[in-house]
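Please read all numbers here as calculations on a predicted model, not as lab measurements. To find a chain, count down the sequence lines: A is the first, B the second, and so on, and within it residues start at 1.
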Amino acid sequence: MAGFINRYAVWIGLGVWLLLAVMTLLGPYLIPHDPLAVDMGKRLQTADATHWLGTDHFGRDVLARLVAGAKITLGLTLVAISAALLIGVPLGLLSGYVGGVVDAAVMRVVDALVAFPDFIIAISIAGILGPDVTHVVIAIVLVKWIGYARVVRGTVMTEKGKAYVLAARVAGTPGVKTIFRHLLPQALPEVLVLAALDMGKIILMISALSYLGLGAQPPMPEWGAMLNDAKMMFQTHPVLMIYPGVAIFLVVLGCNLLGDGLRDRLDARGEW
Amino acid sequence: MLGLIGSRLLQMIVVGLFLTFATFVLMKLAPGDPVKTILNIDDVAVTQAEQEAVRQSLGLDQPLVVQYTEWFWRVVRLDLGESYITHRPVADLIESKLGATMTVTLGGLTVMLLIAVPLGILSAVYQNRWVDQLSRLFSLIGVSLPSFWLGLVLIYWFAYQWRLLPSMGNGGLMHLILPSVTLGIAMAGVYTRLLRSGLIKSLAEPYVRAARARGLGEVRVIIVHALREGVLPVVTMFGMSLGSLLGGSVVVEMLFAWPGLGKMVVDAIIQRDYPVIQGYVLCTGMLVVLINLGVDLTVRMLDPRLRWRS
């Protein structure tokens, strides 16, 4: 079992993301229910032929909400991770390649931010700007770019002293080209592993904050927010809290498998 | 050693200044007028003059730099202002909640250690055997489980279906079990893996071979000799993940209606009680910095190579 998982980790992880993408793209055509349509006459129905997973306390189709939630999770995570990469990678390249004052400036900001726990920063931002899922994404980007800046900077600093980079410089290669053709590819494996693992963490963070009522607000069918709804009826309808929980778990598991598998294959470092 | 403490203290002061300034500026950027927030509680119509009076009494008509300097000196004297809602001093509020958060955090740590230490040792000693494979699977599931969902599931079975344990509030050891387990399982996965890789590395060291050659029993070799080095990355990681522990305690406190700092800040955010939020951020930030200093010193005590170096 575990051997199987090790061998196919990357594929299982990619499979989960593919499934998520398919659900996002085709879901609305396959499920004939509006995830936001309230129907008080059909409250808390059990699963049947029309509502495959039943309905919630507002009579909304649970499957339609789960699929809509997939889209939200996929979208927000991709936005957050792309923004973190777009800030962290160039800063790391610059900081490592140029060194000196630029490096010192970037690293001081990194040091100051590292002292603060992710979740505390996210909570502070939600606290200051008010509970909203956009604010959660802002907070995540603010925290997550640091990892990429550090990893890329570290690689660039060890690589730039090596003979091939020197050779490129002697041959008159412009600095920008050296950075993108020679140094960036060296940092890529670790960046990829970190990104895959971070996506799992981002999904957990968004859903946890939404569960606390600080992220996605009702009626948005975000999985954490759905769990917050389900909590009120967990004694009478425990099944409502199973679906979103399992959905979050599977997607995060996919991210972690992808990160783990990539690390083994690319021989990169990185822990959960 | 003294030099290290000195440089870390200096770093702490810099981080502390940054922390206070950042929280102060962010609070200023916060939408909504605190004067109106205060006056709106009674839900009575307020005149412009009344608003100005409150504004002046809070010093909000002064320039920003003056406000920051005054606020900073108050913070140094542990005067964090008072809650907009309950009008209690924030410092008192934090002090009264700190114990509960510490309790649940320590509970979580205990559960984590109870799982991670045996599992980490077993999977390092029986590397790639079934115990190791199983522990890897467990770790993978542990890091992928949303802790708030795990907590809900535990409440459903242990508190509601089987009625074995209480699920709400703080009232002794029985109340501590479910929150601690929720928090501990979430962390155990990472630490098991970390301890395993640390131990595998140190088991291959010459001094472990030397200990074996001296005829020491395998248990003694592992526990006394290898574990001492293998535990180092775990201690370092502990300092780094303290933040996520405090973050995790927010979720757990909300889940189990645990009267600690986490529940306090979430309630404050929903009620827009800015002084309380500010106090929380300051307090946890300084706590993390302080504990990291402690971790740094601990690692140096455990690792003789570092002790003699500087």
Side-chain angles (χ1 to χ4, degrees), chain A residues 1-3 5-6 9 108-109 111-131 197 200-201 203-205 207-214 223-224 227-228 230-231 234-235 238 241-242 244-246 248-257 260 271-272, chain B residues 11 14-15 18-19 22-23 26-27 29-32 130 132-134 136-137 139-141 143-150 152-153 155-156 160 189-190 193-194 197 237 240-248 250-251 254 262 265-266 268-270 272 274 277-278 280-281 284-285 288-289 292:
Chain A
M1 178 67 184
I5 289 178
N6 284 348
R108 286 300 81 74
V109 178
D111 283 346
L113 279 173
V114 161
F116 305 109
D118 300 14
F119 210 80
I120 308 285
I121 294 190
I123 283 211
S124 326
I125 302 237
I128 293 152
L129 300 176
L197 296 176
K201 287 183 190 156
I203 292 167
L204 281 180
M205 203 146 136
S207 58
L209 285 165
S210 299
Y211 171 78
L212 292 176
L214 305 178
W223 291 338
L227 266 170
N228 194 1
K231 178 184 63 177
F234 89 103
Q235 294 176 339
M241 74 181 189
I242 299 296
V246 170
I248 298 169
F249 170 65
L250 286 180
V251 176
V252 177
L253 189 70
C255 295
N256 285 331
L257 280 171
D260 254 18
E271 249 329 309
W272 294 325
Chain B
Q11 197 189 337
V14 174
V15 170
F18 176 82
L19 184 66
T23 35
L26 282 172
M27 285 300 158
L29 293 175
W130 65 268
D132 188 24
Q133 304 284 10
L134 209 66
R136 177 163 186 195
L137 203 63
S139 307
L140 194 62
I141 292 173
V143 284
S144 307
L145 267 181
S147 61
F148 53 99
W149 183 63
L150 175 68
L152 276 177
V153 173
I155 291 177
Y156 181 74
Y160 176 68
V190 186
R193 303 310 291 170
L194 214 58
S197 53
M237 178 75 186
M240 288 196 292
S241 67
L242 182 86
S244 51
L245 197 60
L246 282 172
V250 176
V251 172
M254 286 304 285
V265 74
V266 174
I269 290 172
I270 288 165
R272 300 263 162 151
Y274 291 118
I277 305 172
Q278 198 175 32
Y280 173 83
V281 175
T284 44
V288 169
V289 175
N292 270 316

Can you tell if the side chain of [X] reaches within under 4.5 Å of the side chain of [Y], non-hydrogen atoms only?
X: A:Ile248; Y: B:Leu145; answer: no
X: B:Ile269; Y: A:Pro131; answer: yes
X: B:Val143; Y: A:Leu197; answer: no
X: B:Pro146; Y: A:Tyr211; answer: no

Proximity breakdown for [X] and chain A, heavy-atom pairs closer than 4.5 Å:
X: B:Tyr160; result: side chain
X: B:Val265; result: side chain
X: B:Ile141; result: both

How long is the span from the CE atom in A:Met205 to the CD1 atom in A:Ile121, to the nearest 0.5 Å?
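That separation rounds to 8.0 Å.
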Does any backbone or side-chain atom of A:Val246 lie under 4.5 Å from a heavy atom of chain B? Answer side chain, backbone, both or neither.
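Both parts, heavy atoms under 4.5 Å.
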Report which part of A:Leu214 has an atom under 4.5 Å of a heavy atom belonging to chain B: side chain, backbone, both, or neither.
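Side chain only.
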With a 4.5 Å cut-off on heavy-atom pairs, point out which of A:Ile125, A:Leu212, A:Ile203 contacts chain B the most.
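Highest number of pairs under 4.5 Å: A:Leu212.
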Identify which of A:Ala122, A:Gly200, A:Ala230, A:Ser207 forms the greatest number of heavy-atom pairs closer than 4.5 Å to chain B.
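Winner by heavy-atom pair count: A:Ser207.
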Looking at chain A, which one of B:Leu246, B:Leu152, B:Val266 has the largest number of heavy-atom pairs inside 4.5 Å, strictly under?
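Looking at each option in turn, the highest pair count goes to B:Leu152.
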For A:Ser210, all residues meeting side chain to side chain contact (heavy atoms under 4.5 Å, CB included), sequence neighbours excluded
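A:Ile206, A:Ala216, A:Glu222, A:Ala225.
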